[in-house]
Amino acid sequence: MRMIMAVLVLVVSVSLTEATGCVSTSGLQCYKNSTKRDEDFFCEWDERNPEKTQTHTLYIWDSEKKRFLMYANCGNQSQRKIRLEELGIPNRKTDIWVQTQVGNLTCNSSKISVILACMVKYSKPQIISMKRSAGSLDLTLDKPNDDKRAIYEIRWRERDSKWQTVTFETEDRTQDFYKLHLQINSSYQIQLRRQAKVQSALCNSSLHALWSDWSPMMDVPLEIRSPPVIRWIQNNQSNGTRHIKLSWDAPPAEESVGGVEYNLTFLVWPCKKNKRMQHSTVNQTYNISITYSEARIYINAINKVGSSPQGQIIIPAVKHLNYCESHMPSHVTKANNKTCLEWYKLEDGETRPKTVNSSSTKSFKHIKNDKDVKHFVRHYYFLHIKRKGHYQTVAMCPFYSEQKAPINGPANVNISDLTHESAVVSWLSIPVAEQQGFLQHYVIWISGQGNTKFHKVPANKTSFLIKDLHPETSYTVSIAGRTEAGNGPNSTVNFETNSKEKGLSWQDHTILSVCLFALLSTLICSIAARRLKLLPKVPSPVIDTTEFRCPEEQDLSQMMEEVHEFVLLLRQDLSKPRENVTSEQSTLLQDFGLVVFEEEDEEDEEGGVIDLNSIKSCFYPNPSYRGQTLHLPEPFHMTDSTSKDSDTESTYRNGLFFETKVLECDKTSL
Ligand SMILES: *[C@@H]1O[C@H](CO)[C@@H](O)[C@H](O)[C@H]1NC(C)=O
Ligand SMILES: *[C@@H]1O[C@H](CO)[C@@H](O)[C@H](O)[C@H]1NC(C)=O
Ligand SMILES: *[C@@H]1O[C@H](CO)[C@@H](O)[C@H](O)[C@H]1NC(C)=O
Ligand SMILES: *[C@@H]1O[C@H](CO)[C@@H](O)[C@H](O)[C@H]1NC(C)=O
Ligand SMILES: *[C@@H]1O[C@H](CO)[C@@H](O)[C@H](O)[C@H]1NC(C)=O
Ligand SMILES: *[C@@H]1O[C@H](CO)[C@@H](O)[C@H](O)[C@H]1NC(C)=O
Ligand SMILES: *[C@@H]1O[C@H](CO)[C@@H](O)[C@H](O)[C@H]1NC(C)=O
Ligand SMILES: *[C@@H]1O[C@H](CO)[C@@H](O)[C@H](O)[C@H]1NC(C)=O
Ligand SMILES: *[C@@H]1O[C@H](CO)[C@@H](O)[C@H](O)[C@H]1NC(C)=O
Ligand SMILES: *[C@@H]1O[C@H](CO)[C@@H](O)[C@H](O)[C@H]1NC(C)=O
Ligand SMILES: *[C@@H]1O[C@H](CO)[C@@H](O)[C@H](O)[C@H]1NC(C)=O
Ligand SMILES: *[C@@H]1O[C@H](CO)[C@@H](O)[C@H](O)[C@H]1NC(C)=O
């Protein structure tokens, strides 16, 4: 019994030491990289329990001939390259296993039975390009290294959902290509692997087919639909260089999955060499220095499945100069600097045309006499240099191959501010297209009374004050532009100076009429004042209300309207001392006077409308409404804000109102 127990313990302990000490390997694979005959083989396995001291031995057993084809000590490595020469003939069925040894202990991996010649395992596929459009994804894949047909398996999924799988086969020697149909709106992840199609009678069993490893997981974004929107800021402009900071937006997230790159194309150098510059970046900003000439910049956003439409900006040339003091800096030596001369005709004398001329060999002297440079037409040139990758404009000027006098005189010649001794002549500058040369100045002749005076006016002026004229004299002004080739045609205008005495300008007229109004208003005021003085101070109780027939006998509305208007008028007059009555107020007076009469007629016809304000004013004279005379209704306050309701004023008003009432009522009773 004890013996049995001891044996058991021994067995268990032995098996235990074996279990911990020697762990057999797994995942043994032997294969060649391609279907080519003379390919070497490659065996590899996993180590489940790597120990420093363990060693592996690879056994290849010919199961037909019942002998070892080879065995190889692999040390502590987990792979072994087997050259064809070592192996001999690989076309027979073989058993392969790995023996692992740890100290005294050995253990064997499970055997695989294969025909080595059939064992092909391709490298994992690589996606050369993806192009996505309208729900389909075109995949271009690298060929296996033997250029042979293959079976592919592709799997794809929307993020965090289940894989979908499909297999497809490709042909010999054609590009490995596949069109996968996807939802338009989603981004995906895809992976591929492939398998050789070994065409040998030996290898019909699918056991022999080895899948390659899965390709790395690839993100499939949506195609980028819109071009990048490019912004630019000119940071500074000095010494012929402009520093431009470009920035642009990234595409939306679904289009950016897997990364976006931007291809920038610059057209900043008009000459052939270096004309197109390219840069590619993952950033969304870029700084560039450009010349003073027009620059064009294009940007594509490129993601894993394609390129966006091209975004474009044109950075316009700096404003064209009108004139240059000197041409071509002498310090630029063509031989040692990368130079580019750019020139073009200015359309309408101002605008850069679509196409421009450029040369990296010609100098300004050449182009000035070039047959393409038309006479009498303004052209423009730039001279750019490129130094240490920086672009710089060292000269820019307008030029003519030959100049001529202006084709026309200035347009819209006008005389203004005419007095008896002076006048201002003004005109529109001659358009560049009509100048035919650089306008040096304008010449002005003023002829009258048999004399002609002559003036020069700078080319950037468009008006001139003619002085020292005689009154009541007619003059002729002729004005022409001048270039170095001479004067252009005259534009003429005639005028006559004003007489010294009679000649009144419109300002004089207004002053006069204002004075007249003032006079008139003082007159009216004085009449009113005289009237006031004559009036006796009538205490309110004296007013006989029965005499005041207005409310009872007359149509209310008719009366009220009149009285209201009149009260307004008089009160306004009174509240201001006489001196302050201006012409404006006097016109007001007149107007109100008119209104009173007009309204009388109208109201007679209409009749029915009753205004509360007018009722109040109509009842003024009644002593029981005295309170209301002190607190005038709203409209009065609005028409005269300066007045204050002092006691004396109100008595005055009372007297006045009283009188007006009587007057009005008398009038209507007539
Ligand atoms: C098979 O290809 C892999 C990678 O391409 C290479 O490392 C290996 O050496 C190749 N094996 C053989 C036997 O050519
Ligand atoms: C394999 O053995 C070598 C010496 O033969 C040793 O230097 C190396 O560290 C060992 N590697 C491993 C993974 O045990
Ligand atoms: C190998 O085994 C023998 C007995 O089976 C033992 O005596 C010896 O110590 C072992 N050696 C090692 C290195 O374990
Ligand atoms: C492992 O394989 C070798 C070689 O075939 C053999 O001698 C040995 O007995 C095997 N060991 C075990 C534990 O199967
Ligand atoms: C794609 O999304 C747009 C709005 O985002 C929606 O109008 C359209 O129907 C969607 N199309 C598909 C096929 O899901
Ligand atoms: C421009 O050039 C002058 C001399 O040629 C130099 O002194 C100046 O610093 C330059 N300015 C800039 C902004 O580079
Ligand atoms: C982007 O630019 C690189 C060079 O910078 C070029 O090779 C590539 O073809 C360009 N891609 C596109 C889509 O234009
Ligand atoms: C992107 O910008 C960072 C800093 O803004 C810069 O260091 C990096 O070089 C830029 N990368 C490229 C490709 O221009
Ligand atoms: C190139 O031109 C610059 C002026 O723009 C000048 O300073 C420089 O000396 C020139 N370089 C050579 C090598 O002549
Ligand atoms: C006109 O040109 C002169 C120099 O010719 C210049 O001093 C002046 O400032 C210019 N006037 C205007 C309004 O441009
Ligand atoms: C313009 O008028 C002036 C003065 O009348 C005259 O001397 C000159 O010849 C005229 N010019 C032309 C081109 O007619
Ligand atoms: C009216 O004129 C006098 C002096 O003439 C002045 O004291 C008073 O402030 C003026 N009143 C108004 C309202 O202009």
Side-chain angles (χ1 to χ4, degrees), residues 11-26 28 30 43 45 47-49 51 54-75 78 80 82 87 93-114 376 403-413 415 423 425 427 430 434-437 439-457 459 464 466 469 473-496:
V11 168
V12 167
S13 64
V14 165
S15 59
L16 265 176
T17 51
E18 237 183 75
T20 51
C22 178
V23 180
S24 57
T25 63
S26 66
L28 173 64
C30 288
C43 286
W45 54 91
E47 286 176 296
R48 279 200 212 137
N49 186 25
E51 278 202 31
Q54 74 189 9
T55 54
H56 304 290
T57 314
L58 178 70
Y59 293 94
I60 300 175
W61 172 262
D62 186 338
S63 46
E64 284 170 34
K65 291 272 166 77
K66 305 279 183 219
R67 62 179 178 93
F68 285 106
L69 275 178
M70 67 167 286
Y71 55 91
N73 191 334
C74 311
S78 62
R80 174 71 148 81
I82 302 155
L87 198 61
K93 237 186 189 142
T94 55
D95 291 338
I96 306 175
W97 70 95
V98 176
Q99 187 190 56
T100 304
Q101 184 170 6
V102 185
N104 283 359
L105 307 169
T106 61
C107 49
N108 289 349
S109 72
S110 50
K111 288 177 185 171
I112 52 168
S113 291
V114 293
F376 323 131
Q403 297 189 44
K404 208 177 179 182
I407 201 164
N408 286 321
N412 277 23
V413 182
I415 297 293
V425 57
W427 60 91
I430 302 174
E434 296 175 9
Q435 286 178 13
Q436 299 201 106
L439 206 59
Q440 293 173 323
H441 52 254
Y442 291 101
V443 282
I444 297 182
W445 293 270
I446 301 127
S447 343
Q449 292 185 322
N451 290 329
T452 299
K453 279 186 189 166
F454 168 83
H455 294 278
K456 280 186 190 177
V457 178
F464 180 68
I466 310 169
L469 299 174
T473 311
S474 51
Y475 287 94
T476 301
V477 174
S478 300
I479 172 164
R482 183 182 175 84
T483 65
E484 67 170 29
N487 296 339
N490 285 333
S491 297
T492 48
V493 66
N494 297 309
F495 68 95
E496 189 172 342

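In this chain, numbering begins with 1 at the start of the sequence shown. Remember, it's 1-based here, ligands and their atoms both numbered in the order they're listed. Keep in mind it's a predicted model, so treat the numbers as computed, not measured. Scope of the values below: all heavy atoms of this structure, side chains included, with no hydrogens, waters or symmetry mates.
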Q | Residue list, side-chain hydrogen bond (donor to acceptor under 3.5 Å, both in side chains) with Q436, at least two apart or on another chain | A | none
**Q.** Side chain to side chain, P406 and T483, heavy atoms closer than 4.5 Å
**A.** yes
Q: Indicate the ring-plane relationship of Y59 and W97, choosing parallel, tilted or perpendicular according to the 30° and 60° boundaries.
A: parallel
Between the protein and ligand 11, are there any N or O atom pairs that come within less than 3.5 Å of each other, and if so, what are their names and distances?
residue: ligand 11; atom: 2 (O); partner: N490; partner atom: ND2; Å: 2.2
residue: ligand 11; atom: 11 (N); partner: N490; partner atom: ND2; Å: 2.8
residue: ligand 11; atom: 14 (O); partner: N490; partner atom: ND2; Å: 3.4

Q. With D95, which residues qualify under salt bridge (charged side-chain N to carboxylate O under 4.0 Å, His left out), at least two apart?
A. none
Q: Tell me, yes or no, whether the heavy-atom count around Y71 atom OH, taken from other residues, nucleotides or ligands under 6.0 Å, exceeds 12.
A: no
Q) Just one of I466, T492, N490 clears the side-chain contact (heavy atoms from CB on, under 4.5 Å) bar with V477, so which one? A) I466
Q: Output all residues satisfying side-chain hydrogen bond (donor to acceptor under 3.5 Å, both in side chains) with N494, sequence neighbours left out; order by chain, then residue number.
A: T476
Q) Which atoms of ligand 4 sit under 4.0 Å from any heavy atom of N108? A) 1 (C), 2 (O), 3 (C), 8 (C), 10 (C), 11 (N), 12 (C), 14 (O)
Q.
With a heavy-atom distance limit of 4.0 Å, tell me whether W61 approaches ligand 4 through its side chain, its backbone, both, or neither.
A. neither
Q. Quick one: does W97 get a heavy atom under 4.0 Å from ligand 4?
A. yes
